[in-house]
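Notes follow once the structure below has been shown.
Since the structure is predicted, the reported quantities are computational estimates derived from the model, not experimental observations.
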Amino acid sequence: MDFLSLFLTDFVKQLQSPTLGFLIGGMIIAALGSELVIPESICSIIVFMLLTKIGLTGGIAIRNSTLTEMVLPILFAAVVGILIVFIARYTLAKMPKVKTVDAIATGGLFGAVSGSTMAAALTLLEEQKMPYEAWAGALYPFMDIPALVTAIVVANIYLNKKKNRVASVSTTQESFNKQSIAAGDYSDQPNYPSNRQEYLSQQKGDTDNRVKIWPIIKESLQGPALSAMLLGLALGIFTRPESVYKGFYDPAFRGLLSILMLVMGMEAWSRLGELRKVAQWYVVYSVVAPFIHGLIAFGLGMIAHYTMNFSMGGVVVLAVIASSSSDISGPPTLRAGIPSANPSAYIGASTAIGTPVAIGICIPFFIGLAQALGRA
Amino acid sequence: MDFLSLFLTDFVKQLQSPTLGFLIGGMIIAALGSELVIPESICSIIVFMLLTKIGLTGGIAIRNSTLTEMVLPILFAAVVGILIVFIARYTLAKMPKVKTVDAIATGGLFGAVSGSTMAAALTLLEEQKMPYEAWAGALYPFMDIPALVTAIVVANIYLNKKKNRVASVSTTQESFNKQSIAAGDYSDQPNYPSNRQEYLSQQKGDTDNRVKIWPIIKESLQGPALSAMLLGLALGIFTRPESVYKGFYDPAFRGLLSILMLVMGMEAWSRLGELRKVAQWYVVYSVVAPFIHGLIAFGLGMIAHYTMNFSMGGVVVLAVIASSSSDISGPPTLRAGIPSANPSAYIGASTAIGTPVAIGICIPFFIGLAQALGRA
Amino acid sequence: MDFLSLFLTDFVKQLQSPTLGFLIGGMIIAALGSELVIPESICSIIVFMLLTKIGLTGGIAIRNSTLTEMVLPILFAAVVGILIVFIARYTLAKMPKVKTVDAIATGGLFGAVSGSTMAAALTLLEEQKMPYEAWAGALYPFMDIPALVTAIVVANIYLNKKKNRVASVSTTQESFNKQSIAAGDYSDQPNYPSNRQEYLSQQKGDTDNRVKIWPIIKESLQGPALSAMLLGLALGIFTRPESVYKGFYDPAFRGLLSILMLVMGMEAWSRLGELRKVAQWYVVYSVVAPFIHGLIAFGLGMIAHYTMNFSMGGVVVLAVIASSSSDISGPPTLRAGIPSANPSAYIGASTAIGTPVAIGICIPFFIGLAQALGRA
């Protein structure tokens, strides 16, 4: 009972954080029909600055730290990213009215990482004066990329198997028609990125499409969020950016994050409608999955805590990036890689429910858990 | 004589404030044909940040203060807002070549409040080290909304009376034609907001249109400026935003304001041409009205000063928001509520003359007056 | 040998500056195909803030300094600006496959000044704790405008002479055709600014077009970069902007510059392709010219150093603005003034090679030179 009451006190205390306040405020003013709009260009530059800052922090930290302590957390990050896709494949995909490719794509998005959710977690850890490794933000790509690659590979293996089965019982012509219906021909999303071809090494007359992994990794790395973070990382390692870091990127971080939280709250509210178009199991999944994913990562993080002295703050970061679902770089990569999946399903589930749950509930939950464990 | 010389010294000293400098600089570079443009999206985010900051200040202050001291200033703010509309109705509207609805709409805009003018006043008060209640910015909506509601109600009562008179001497067909001419059918503003219908409960076959007040209040509250301010107010009251306030919103305030002042100066210059299209009485009104409105509010504020210990800085804030005329949320609300009024008249009068007079002359004037009274 | 080793140490040390790091980082991520985009509106406001800050610094400095010490550096700035155009006229223009008007326009752009290059130089001087006159940034227009005016005048004199020669050996009809081919009729740049007419006082039936100088100066001063700087200068001289300067423009300077350097790196990479369309002599010119121009200015600056006690940091600023080539206000002015010149030639040479060379190599080179001279 003592543990539970400690946990509850810590949990409630964090709900007054301005970071969460702006998120909830955004949902409320959107619900009340406010005409407030934060311009698109402002959101872009905020995301750039937040991720450059996280990268710079990581880069400066890596320059001054031993790389061996990073091995286990990086490995766990990748394991969690891959595992999340398989969880979706064997739970969400089995539900009635849920298409298998849509479920795999959703799993990919929930395995991928949200830079803004991570930024919120780092800010709350600082508000709670809970120390974490400065390089913890650099775990981001090690979970993000494996999740996206796994989702695209698994989805394409599934689609090929299905196509082969269909092909064996019908003529090529019929197979083509059936497959495009079975896989869901969403003609209302006409602009599939043209690099779809790049991902599949199509050999004429052969139904065995092999998925190329490198283009998926490359596209993830080229996305605006990861580009900014890796740029910051490289600048942190190879130059001496301390002056611009302390005078600009670091002090602006919290304030810019507050604006982004507001935007995410408004966005979450406006996307709620999209969820009505898809099966209700997506709602259940996007409420429950952030906790399951976070708890798995939290457990693995505790192993690193006891064996490698990984800080409790670092464990929370690992858990939160597992809870989070990608909002910027994930969706376009998935659209290109699994064009037959329905974006309303995976983007709706992630933006409207997954992200608010991850930021508003999972972050305070895992910080509270870590604090209670630390004191117990 | 001593009082006058004190006042003049104080007045002149403030003209060197960078806030006023940027306003005048904006007018000068626009007059010189500069191609400098501050992008629209930057102006939006600046307005958001300034009003969120004013809201946060107010919210944090309200959390720590007794509400009773706010009652009288709030009441006076509402009284002044309503009074300003009636002043325009019985002065400006009586002038030759001035249409009554245009005059009422202009009164509504001058009764409504400009967030940037208020921000400039708060900055100048700080530069002059003149204390004011931290919740003073929260007076904004209590003057803004009553003014807009009053203007729309008064204009529609006037239009209905007129229509009835016309209807009694002519057939319905003719009445329709005549009214649309009499009320000014400005076909060059084709995009009247579609919520015009919402404001008027039109009953077929009955010329007695009743004006619904709630939709006007709702639209005012949903405007981007008031939304941001109320969001800040709520976050200031219900969360603990001190960290993000002190680290971001507060230090950026003056600098962002300087950019917005520049934009308002350029905007004022470019709108001057519009005033040539309307009767010259608008020029007279927009020079004189900010002083009259400010002096009325200053007088009422002094009552609160002597009875409730309302600070002299607070009296200045009340006077300045009365002097100011709305630039962001007011115009669209008026267009929707009084579609037959000519926007060139009310926007030209407010942006080209009213706002520069309020910021550049009335703010130093009322601060000087308060300082001279304080010392005399 | 001692001098050379001192110089090399100083040179290498500066390559770790975050300012240069962001420039090189921008080139690298563009080369790697990153999808990162810094929105146009953000770039505009950054340029505005940087140049307003430089202007404010200069204005505050001028308010507190004797004007006589500025005379010689200003004179040298103008001399260098004019000289650079003639250097291009008698070197680059003489190369095979290089059109004379293109070469003159390129000289004009390299003579004009880049505000961002200057901002980078001021930042690196501060990082190296090397003092310079606070008004040094105000040298900008005194080199920029003479260079642009000279280029446009020289180009038009050349075009008129050529036209007369052609006219004397052919009919008017033929002359017209030949001239438009000789001068390069770049029909792929259809939107020549309409103020072309303003620059030339065309007299019908007379081929002697005289170039009006005042409209060129006026257009330079009205450009967004110079407008912002002159506004800052005026506000620095006539108002007391210290509060907004210390609280906003100064602390944000380095951080905003880092974002702009990133953009310039990305821009340089993406413009490289344009250079392939023009003669290779442009590449040679844009690598060599920044050094030649900078060394000439450095030499003149040393005269001011020994005679008028002009600081070594000031000498570096003079050398760097001579090395730099205009990126914002120069190109549109040249397009209007020399419409027959090929923008691919001058913009490609300047943005893709000239600017990275000036920022990444010339700034560290001249700082290193000044430091080595100071110690030697």
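With a 4.5 Å cut-off on non-hydrogen atoms, C/Phe253 does not touch chain A at all. Interface remark: C/Ile38 contributes side-chain atoms only to the contact with chain A (heavy atom separation under 4.5 Å). Contact annotation for C/Leu256: both backbone and side-chain heavy atoms come within less than 4.5 Å of a heavy atom of chain A. Neither the backbone nor the side chain of A/Tyr245 comes within less than 4.5 Å of any heavy atom in chain C.
For the atom pair C/Ile29 CD1 and A/Leu221 CG, the distance stands at 12.0 Å (nearest 0.5 Å). Between the CD1 atom in C/Ile28 and the CG atom in A/Leu230 there is a gap of 12.5 Å [rounded to 0.5 Å]. Interatomic distance, A/Thr239 OG1 to C/Ile24 CD1, rounded to the nearest 0.5 Å: 9.0 Å. With rounding to the nearest 0.5 Å, the separation of CG in A/Leu51 from CG in C/Leu36 is 10.0 Å. Taken from OG in A/Ser41 to CD in C/Glu40, the straight-line distance is 10.5 Å, to the nearest 0.5 Å. Atom-to-atom distance recorded for A/Phe48:CZ and C/Ile42:CD1 is 11.0 Å, nearest 0.5 angstrom.
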> Could you go step by step and tell me if A/Ile45 and C/Ile259 meet the side-chain contact (heavy atoms from CB on, under 4.5 Å) rule?
Replying inline: CA-CA 10 Å; A/Ile45 195 73; C/Ile259 300 178; 4.3 Å; yes

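When every heavy atom of A/Ser44 is checked against every heavy atom of C/Pro39, the shortest pair comes out as CB-CG, 3.8 Å. Here the closest non-hydrogen pair linking C/Glu35 and A/Gly223 is OE1-CA, 4.1 Å. Residues A/Tyr249 and C/Ser258 approach most closely at OH-OG, 2.7 Å, considering heavy atoms. The two residues C/Gly33 and A/Gln222 have their closest heavy-atom pair at O-CD, 3.4 Å. The shortest heavy-atom contact between C/Pro18 and A/Arg240 is CD-O, 3.5 Å.
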